[in-house]
Amino acid sequence: MEEKLQDYYSVIFEPKLLTEIIKFGKFTTIKKNELLIDVGGKITHIPLLLNGAIKIVREAKNGDEIVLYFLERGDTCAISFVNCLNSNLSKVRGIAEKDSEVIFLPIKKLEEWMAKYKSWREFIIDSYSIRLDEMIEIIDTLAFMKMDRRLLKYLQDKVKIMRDPILSVTHLQIALDLNTSRVVVSRLLKQLENEGKIKLFRKKIEVLEY
DNA sequence: ACATTAAGTGATT
DNA sequence: AATCACTTAATGT
């Protein structure tokens with residue numbers, strides 16, 4: 001755990017903070033599709049991603065859900081950190097998109113570190129502002145982009161996250177992530193294939209442009 | 001061989 | 001873009 005932490009975070013965190021993280025953080029391995037945080041769940045720890053990817057999903061009361069964004073190595077859910085300073089309930093769901101390694105940090109410590117470490121303050125503020133930018137982008141995507149462009153963006157984002165141009169996803173899963181119907185996804189995918197942007201296989205999609 | 005799941009299609013709203 | 005009602009294709013048992 002320590003080496004991995006050094007690898008990604010020694011540049012941004014001061015040494016004293018790193019030792020505290022090692023001391024108080026709980027290192028965990030998470031398998032694909034495992035649930036990290038559920039809607040309404042109390043948050044006592046904030047994850048710091050060492051590697052892998054987490055899918056953040058918003059769920060409506062009627063069960064509709066939509067993918068907001070992905071967390072990658074070096075990311076943390078600053079939204080939930082700030083969120084949990086007020087209420088301790090999560091407004092989103094986090095699912096492992098692939099096998100991931102995470103350090104869980106207790107919220108109490110995080111608050112303490114805010115006062116103690118400049119690098120930690122900067123880290124939280126930075127990731128909060130990055131997240132906010134992403135949220136704006138999501139609003140644009142949802143409000144102004146047609147399904148076909150949303151779909152392409154989804155695929156391209158996923159390729160970046162998975163670091164593999166060949167995605168193992170079914171049309172149905174995509175439809176659920178985008179909150180649309182499978183039929184629509186199938187048709188649009190075919191359209192994208194005809195445009196030469198992707199190649200379709202059974203349970204697999206190769207993204208040619210990203 | 002049969003059942004199940006993934007994907008394709010036409011028609012309708 | 002969504003839904004319906006199929007069809008076809010691939011996979012699992």
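Letters A, B, ... are given to chains in the order of the sequence lines, protein chains preceding strands, and every chain is numbered from 1.
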| note | Here the distance between atom P of B:dT9 and atom CG of A:N194, to the nearest Å, is 10 Å
| query | Taking atom C1' of B:dG8 as reference, at what distance in whole Å does atom NZ of A:K203 sit? | reply | 17 Å
| query | Rounded to the Å, how far apart are A:L188 CG and C:dA1 P? | reply | 6 Å
| Atom-to-atom span, CZ of A:R187 to C1' of C:dA5 - whole angstrom | 12 Å
| Nearest-Å distance for atom pair CZ/P, residues A:F201 and B:dT5 | 24 Å
| field | Ion pair A:K197/A:E193, N-O distance below 4.0 Å | value | no
| said: By nearest atom, which of the nucleotides B:dG10, B:dA7, C:dA2 is closest to the A:S181 side chain? | reply: C:dA2
| Which heavy atom of A:L71 sits nearest a heavy atom of A:L49, and at what distance? | O-CD1, 3.4 Å
| request: Looking at every strand, decide which applies to A:T170 at a 4.0 Å heavy-atom threshold: base, sugar-phosphate, or nothing. | output: sugar-phosphate
| Do other residues, nucleotides or ligands put more than 12 heavy atoms under 6.0 Å from the CZ atom of A:R149? | no
| remark: Looking only at C:dA2, B:dA6, B:dT9, the nucleotide nearest the A:T180 side chain is C:dA2
| task | Measure the distance from CG on A:L192 to P on B:dA7 and round it to the nearest whole Å. | result | 15 Å
| query | Which whole-number value in Å describes the distance from A:L167 CG to B:dA6 P? | reply | 17 Å
| said: By nearest atom, which of the nucleotides B:dG8, C:dC4, C:dA9 is closest to the A:R202 side chain? | reply: C:dA9
| query | Distance check: side-chain N/O of A:H171 vs OP1/OP2 of B:dG8, anything under 4.0 Å? | reply | yes
| field | Sequence neighbours excluded - ring pair (Phe, Tyr, Trp, His ring centres under 6.0 Å) pairs with any residue from residues 118-152 of chain A | value | A:F13-A:W120, A:F13-A:F123, A:W113-A:W120, A:W120-A:F123
| A:I107 and A:I43: which non-hydrogen atoms are nearest, and at how many Å? | CD1-O, 3.7 Å
| Rounded to the nearest Å, what distance is computed from the CG atom of residue A:L189 to the P atom of nucleotide B:dT9? | 13 Å
| message | Base of B:dA7, side chain of A:R182 - is there a donor-acceptor contact under 3.5 Å? | response | yes
